[in-house]
Amino acid sequence: MPDCLFCKIIAGEIPSARVYEDDQCIAFDDISPQAPTHILIVPRQHIESLDKADGMDRSSVGHLLLAAASIARDKGFAESGYRVVINTNEDGGQTVFHLHIHLLAGRPFVFPPG
Ligand code: AMP
Ligand code: ZN
């Protein structure tokens with residue numbers, strides 16, 4: 001296993017507040033929330049970043065997005081709205097190099113983000 005924070009969370013070696021899981025991904029609360037709801041959706045498979053995803057990962061990446069939409073509906077904020085973010089590499093602000101989607105909700109968001 002790579003020395004990866006999110007792989008350790010998936011393996012249960014580091015605790016997290018899980019809100020959803022299935023055979024392909026897990027979702028848990030971000031430790032430093034930037035909105036009233038801030039959930040990370042992470043593939044069980046270690047993919048470093050969106051930049052490293054390839055054709056083999058097509059269904060896995062699609063699955064993450066659909067999981068985000070499903071969690072938003074289940075938690076009741078789909079209609080009021082939410083934002084999904086994938087920070088990619090240095091300028092994108094990525095700090096954990098295991099692909100993940102940020103799902104943020106519970107306040108209005110401006111665009112473009114900072
Ligand atoms: P990014 O900057 O897009 O790579 O996002 C990494 C996210 O992981 C940040 O929002 C962090 O707050 C979050 N994070 C870091 N460590 C943990 C942890 N142990 N549990 C939950 N979220 C974490
Ligand atoms: Zn990993």
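Numbering of ligands and ligand atoms starts at 1, following listing order.
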Inset, instruction - Report whether Val42 and Val96 are members of the same hydrophobic cluster (ILVMFWY, side-chain heavy atoms less than 4.5 Å apart, transitive linking). - result: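 As far as the 4.5 Å side-chain criterion goes, Val96 and Val42 are connected within one cluster.
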Inset, instruction - Flag Gln94 as yes when one of its N or O atoms lies below 3.5 Å from any N or O atom of ligand 1, and as no otherwise. - result: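 It does not: no N or O of Gln94 is found under 3.5 Å from an N or O of ligand 1.
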Inset, instruction - Consider every N or O of Val96 and every N or O of ligand 1, then say whether any pair is closer than 3.5 Å. - result: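 So ligand 1 has an N or O lying under 3.5 Å from an N or O of Val96.
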For a quick test of reading the model, state the closest non-hydrogen atom pair linking [X] to [Y] and the distance between them.
{"X": "Ala35", "Y": "Phe109", "answer": "CB-CZ, 3.9 Å"}
{"X": "Val19", "Y": "Lys75", "answer": "CB-CE, 4.0 Å"}
{"X": "Asn89", "Y": "Gln94", "answer": "N-OE1, 2.9 Å"}
{"X": "Ser59", "Y": "Gln24", "answer": "O-OE1, 4.2 Å"}
{"X": "Ile10", "Y": "Pro43", "answer": "CD1-O, 3.5 Å"}
{"X": "Gly12", "Y": "Arg18", "answer": "N-NH2, 4.2 Å"}

Against heavy atoms of [X], which atoms of ligand 1 measure under 4.0 Å?
{"X": "Ser32", "answer": "12 (O)"}
{"X": "Phe6", "answer": "8 (O)"}
{"X": "Asp29", "answer": "21 (C)"}

Return the closest protein heavy atom for [atom] as residue, atom name and distance.
{"atom": "atom 4 (O) of ligand 1", "value": "Thr95 N, 2.7 Å"}
{"atom": "atom 5 (O) of ligand 1", "value": "His100 NE2, 3.0 Å"}
{"atom": "atom 16 (N) of ligand 1", "value": "Leu5 CD2, 3.3 Å"}
{"atom": "atom 22 (N) of ligand 1", "value": "Ile31 N, 3.2 Å"}

Inset, instruction - Evaluate side-chain contact (heavy atoms from CB on, under 4.5 Å) for Arg107 paired with Thr37, printing each intermediate quantity in order. - result: CA-CA 9 Å; Arg107 66 171 173 84; Thr37 296; over 6 Å; no
Under 4.0 angstrom from ligand 1, any heavy atom of [X]?
{"X": "Phe97", "answer": "no"}
{"X": "Ile86", "answer": "no"}
{"X": "Gln34", "answer": "no"}
{"X": "Gly93", "answer": "yes"}

Legend entry - Heavy-atom check, side chain of Leu103 versus side chain of Ile71, under 4.5 Å: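 Yes - at least one pair of side-chain heavy atoms lies under 4.5 Å apart.
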Legend entry - Side-chain heavy-atom pair Ser60, Ile47 within 4.5 angstrom cut-off: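 Yes, their side chains come closer than 4.5 Å.
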Legend entry - ligand 1-proximal atoms of Val85, by part, heavy-atom distance under 4.0 Å: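 No part of Val85 is near ligand 1 at this cut-off.
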Legend entry - Best match, Ile101, Asp30, Ile9: closest heavy atom to atom 7 (C) of ligand 1: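 Comparing heavy atoms across Ile101, Asp30, Ile9, the nearest one to atom 7 (C) of ligand 1 lies in Asp30.
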Legend entry - Tally, protein N/O/S atoms nearer to the Zn ion (ligand 2) than 2.8 Å: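 Of the protein's nitrogen, oxygen and sulfur atoms, 4 lie under 2.8 Å from the Zn ion (ligand 2).
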Legend entry - Name of the residue among Ile101, Leu104, Ile41 meeting side-chain contact (heavy atoms from CB on, under 4.5 Å) with Val84: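 Of Ile101, Leu104, Ile41, side-chain contact (heavy atoms from CB on, under 4.5 Å) with Val84 is met by Ile101 alone.
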Legend entry - Whether Asp22 side chain and Cys25 backbone form a donor-acceptor pair below 3.5 Å: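 Such a contact is found between Asp22 side chain and Cys25 backbone.
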Legend entry - His102 and His38 aromatic ring geometry - parallel, tilted or perpendicular at 30°/60° bounds: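 Tilted: the ring planes of His38 and His102 meet at 30° to 60°.
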